[in-house]
Structures are given as C-alpha cells and as structure tokens.
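Everything on this sheet refers to the single structure shown next.
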Amino acid sequence: MRQVLTILWDSYRLLAAKKLFWIVLFLTVLIAMMYASIGFTPQGISMLFGAYEINNDIIVEGSMFADYFYMMIFTNYLVPWWLGLFALVLALISVCPVFPDFLKTGSIDVAISKPISRQLLFLVKYLGSLLFVAVQVLVFCVIVFIAHGMRLGAWNFEIFWAVPLLTLVFSLIYSVAVLVAVLTKSTLFSLLVALLVWAVTLSVQWTESLMYKAAYVMPASGISIDVGRGNASKTNQELDANADIVGFYDIVRKAAIPFPKTRDLTYLLKKKVSVRGNDMTMMSAFLADEASASDVREAKATEDYDNRHSTAYIVGSSLGFEVFILGIACWVFVRKDF
Amino acid sequence: MSDVVIDIADARKRYRGGVEALRGVSLQVPKGGIFGLLGPNGAGKSTLVKILMSIVHPNHCAGTMLGAPIGHKPTLAQVGYLPEHARFPEYLRGGEVIRYVAGLSGISRAEACVKTEQLLEMVGMQDWGKQKMGTYSKGMKQRIGLAQALANDPEIVFLDEPTDGVDPKGRLEMRHVLMRMREEGRTVFINSHLLGELEMICDSVAIMDKGEIVQQGTIAQLTEKSRRYELITRGSMSEGLVQRLKEKGFQIRHEMGQDFMIVYESDPEPIQPILDALRGEGVTIVELRELRQSLEELFMESVGAGGVGGSRKGSTPPSLPRKEAIK
C-alpha cells in the first residue's frame, strides 16, 4: 500500500509541475463559473450573476423547464464539448509524456529495481496519470453542484457521475497512448496514434448515431429523405423504417462493438442525472401538457435514441477494449528489458 | 547468511538482434566489502547488474543474492541501486527523491523522513535538500543518487559509475561515503572505469570482457603473481657479485651511479642472502621496496590484447613497463 501511495503521490507532484494542468484547471473553473452565473427570475433567464436578463415565458424561476434547461446545458454541452473533448485533448497532450519519460534509461531503472511487481507499478502509474482528468472534472462538478443547489435548491449528487464517466473516457484514449509509449518510448508517436484512434472511434460512433437516426428517429418523426433527389419532407404521420437503412445500421452497429464508446459514455451522463425524478433522456416527461401527438412521438423517438444502448453494453464494451489494450501494454512492460 | 552475498552461476543473456551480452558469467561477491566490477564498454557489466536488479531478464541465471534466487522481488527491499546516467524527476526536490525511493521500497513515511535528513547530511546536501532536482549540477544529482540508493538501509548497494560527473573534491567525499558504508557492514558493488579510484577502495574485483569474467579475486590475490622486490644500492657492485646474481636470474641495471636490482619473488625470504652478500661487499643499501602490478595494469593485461577469459587465467607474470621497473 505504501508503494502504491508513493506512486500516486509522485503522479500528483508531476501534475502540479505541469503548467498545462493549471491552465486547463483555470479554464475549467472559468467555464464552471460562467455556468454558475446563469440564474432564473420570474421573467426568464439571468446571466453573469444578473448582469443580463433574457425574458422567457417558460423557463422561469421555479419551473420544471428551468431545472431541465439548467441541467441540459451541463449534460448536453459543457460535459461533451469542454470536459469531454477540448479539456480531454489538453489532458492527453499534457499526460502523454508521462510513460515515455518514465521508461527512459536511468529513470525506469530506479523504479523497477524496487520490491514492487512490474504489473502493479505499471497499473498504478497508469491510474496516477488519470488524476489529471479526474481532478479537473471533480472541480468542475463541485462548482456545478453548488450552482444547482444555490440556484434551484436541489442538491443533486448525481452530477458527480461525470467524474468516473469522463475519467473512463480519457482512460480509453490514454490506454492507447500508453501502449504505443511502451512499444516505442516516443511521446509524439503515442500522442498521434492515440488521437488517431480517438478520431476513428468518434467517426464510428457518429456514423452509428446518424444511421440510427436515419433508420428509426426520422421515420418516427415523419421525416423522409429522398437520397436520389437530395430533398427531405416531413409529415405529421409516423413513417415505416426503411429496410435498407435499417440493414445498413445493423452492420454499422455490429462493427462498432469492439470500439471504445467515448461519445456514448459522455452522453451516458444523461441517463445518470435526473431532474425532478426523470433522467435527462426522458424527453416526453419534460414536454408541456399541451404538447401535440407528433411532439410526443418525436420525444419518444429521441428517448429511444438516447437509450438505444444499455449502460452495460456501453461500459462493458469500452472496458473490454481498455482491458485488451492495457493487457498488451502491461504484458510488453513486464517482459521488456530496460 | 553466508559470507557470500551474491553467488551467480552461468548467467547468460542474448539480446534481440543476437548480441550476446553475457556468456556464462559466474561470480561470487563476498559480504561486507567493496567489490569492483571492471571491464571495457560493452563487456556486459551493466547487463549483469541489471539482471541482479531484475531490470533485464536473463536467458539463464542460476544462483542467489542475499540467499534468495536471482530475480526474487522481495529481496530487492534489501538492495540499493544507483544506475548509470540516473534520471530523477526534475519536479521533485532532493529530499523528495529520497523519500520517493524509500516509499517504493516500502519504508514508512515517518521513517523515510528521518532517513532523508541523515542521508542528505551524509552526502553533503543538507542545505540543498529542499531545492528541485532541476536546479542541481550533475555532481549534486549524483550525490542525491547515492543517497537514494541508501534510502532503504540496504545490505547491498549497487553503484554504476557513481563518480560520473563528480568533481575531485566530490569524489574524495564519495570515497569516504563508500568506506563508511563498508564500515557499516554493507556490501558495495561498483561498476566503474576509474581504476585508480577503485584500487583505492575495493577489497575485491572482477574483470569482465566480452561477456565473461576474466579475473576475479581480491586485489592482493590478483596482483600476487606480479609481486616483486626492487633493491637500490649506492656505488657499484663487484663484477663477481653481479655475475653471480645475473646467473640466478636477477635483473640488474646501473644508472646514475646506482644499481637497480629487481627480484621476482612473492616471499621476502629469498632476498635475505642477497642482502647478506651486498653487506658483505660493503655495498650501501639505499632502498628495498615491494612492488605490485597496479589495477590498471592488471586490467589492461586482462582485456587489452588477444582473447578472452580462461586463456588468460594462470598466465605468466607480466612483463613490466620500463618506467615502473626503474621507479
């Protein structure tokens, strides 16, 4: 245990020594504070702690829509785009040199000659590197949690689901960087390969997502697309799913199984966070009472889209990928002569 | 615990690409002394140490270290190591590096803190322990490297080129540290090219070349065969005495009004009749001194020319450089 704590302490010191860590943390706090500055009044929405006000009939203080709107900004925009993309790229750039530096002659010798197994050394060093993202997301979530409590009177601990989910997302990409680092000891190469794998992964997930929408959500919403003519039309009636598109979607879905679900994991937060008893995927629950039948149908279709993959599938297939990649990296690390 | 702390038999290592770094090395390191492993670049010294430290996997290596099989991880808790070209995290302070290594060895935080202060003082870095490694000179880093090797209070300390980058004053201090380690009963295993320094502090040495141990033993044992006595007299000896001594195989030269006589004997007993004969002729004996081959000469003899390993073992006493002979 003492050895594990020592490696984690070293990881913390490494993070604290990196300027990029503090820059990203500053930006994270800034964005979180911007979010916290949003409030609700009887007339609508206030921004920058009341400096600006936007009148709105629905999103007003005390309404369910205000609660939903506030949480939606967090789950649909801040988490996927800042924490799940830009901050993650910066984290990857910052953390990528950790293993190549650690593996350099003269550095690895000291650590590996101690009475600690190579497997444990490798895994704790890997986990220590994840602190970069875990700390950033935790700080962000604490501010968001306080903002929610202060603004809406709801102390929603489910917000903290973002910490393990986004750390897992980062760990999936970072595992690739670690494997390449163990094989090549090159920071640049490991960064490039990790970004490439991430890009491919995102492409596969986007394709799967778009194909699902084309196969199921659009017909349910009465939207039909004529690919030959290049136009689309919308009716108030639910349409039948196109068999060809459904068939193609099935192929894409199966092809996506072995890939890590970085995007799906980020949006999994919508399932984990709830507002007034309904999680953020339950669109129909947040419709106004006077919503039309087509609105309800579209909301249901969107709900189905958000829930098309089970949590077990998303987490399980991602962890399978990570275990596979890390297993190879660890195997190479254990067998390697330094 | 036996008197031998490292007992390796038939250590072999072939790297990918076919480079044969070790070709059946057998080595015994006695307990509680300073042991020097010498050899030219590429001889396999670092590979041997790295096998002992479980950094490199051998193709074959029988034997034990501190009574446990080679590669036994828990045994490394009793071993310290300063690698060649050691790199410590520049974001850590000197004292933190020692605590970090102590932590990796499983030493408690409280114990590590106490130990750190002691070690910083021992290597003369007590005033610099709170500065970051990135601000240190190479010599200062090496001192911290030496201190971290002792962080776990080891029984054996492996030092790979410990005086690399250290100034003469620092080297002297480091020698004192090494001797202090010996006094504390530790076994110090040094890889170094600085033969003069090793000669000053090593109790025993092994010379490696091309992946094999060429010579091994105490410095006294290894240089025994080259032991000789040099006798300097004032004034000339008689022709008859010179003739008689030359017939017995003694080398005699006459330079600058003095006779130099060199006698290859490991025992001073046969010298006595010569002294009697010289005194009998009234020759003034200016100096009688024992000479031995230096470690550098031994090293050069072992790896300098020709083949490897066993072929040199038991070779005849080396011919001495002229400069040495008339010294």
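Residue numbering restarts at 1 for every chain, and letters A, B, ... go by the order of the sequence lines.
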- Query: Under a 4.5 Å heavy-atom cut-off, does chain A meet the side chain of Pro74(B), its backbone, both or neither?
  - Reply: backbone

- Region of Ala149(B) in contact with chain A, defined by heavy-atom distances below 4.5 Å: neither

- Contact origin within Val334(A) toward chain B - heavy atom pairs under 4.5 Å: backbone

- Measuring heavy-atom distances to chain B, does Ala111(A) have an atom under 4.5 Å in its side chain, in its backbone, in both, or in neither? both

- Message: Counting only non-hydrogen atoms closer than 4.5 Å, does Ile107(B) touch chain A with its backbone (N, CA, C, O), its side chain (CB onward), both, or neither?
- Response: backbone

- Please determine, among Leu5(A), Leu14(A), Val110(A), the option with the most heavy-atom pairs under 4.5 Å with chain B. Leu14(A)

Do chain B and chain A have donor-acceptor pairs under 3.5 Å, and which are they?
from, atom 1, to, atom 2, distance (Å)
Lys13(B), NZ, Asp337(A), OD2, 2.5
Lys50(B), NZ, Phe338(A), O, 3.3
Ser54(B), O, Arg118(A), NH2, 2.9
Ile55(B), O, Arg118(A), NH2, 3.0
Ile55(B), O, Phe338(A), N, 3.2
His57(B), N, Asp337(A), OD1, 2.7
His57(B), NE2, Val334(A), O, 2.9
Lys73(B), NZ, Ile112(A), O, 2.5
Lys73(B), NZ, Lys114(A), O, 3.3
Lys73(B), NZ, Ile116(A), O, 3.3
Arg87(B), N, Gly106(A), O, 3.0
Tyr91(B), O, Arg13(A), NH2, 3.3
Tyr91(B), OH, Asp10(A), OD1, 2.9
Tyr91(B), OH, Asp10(A), OD2, 3.4
Glu96(B), OE1, Arg13(A), NH1, 2.7
Glu96(B), OE2, Arg13(A), NH1, 2.3
Leu104(B), O, Gln3(A), NE2, 2.8
Ile107(B), O, Arg2(A), NE, 2.6

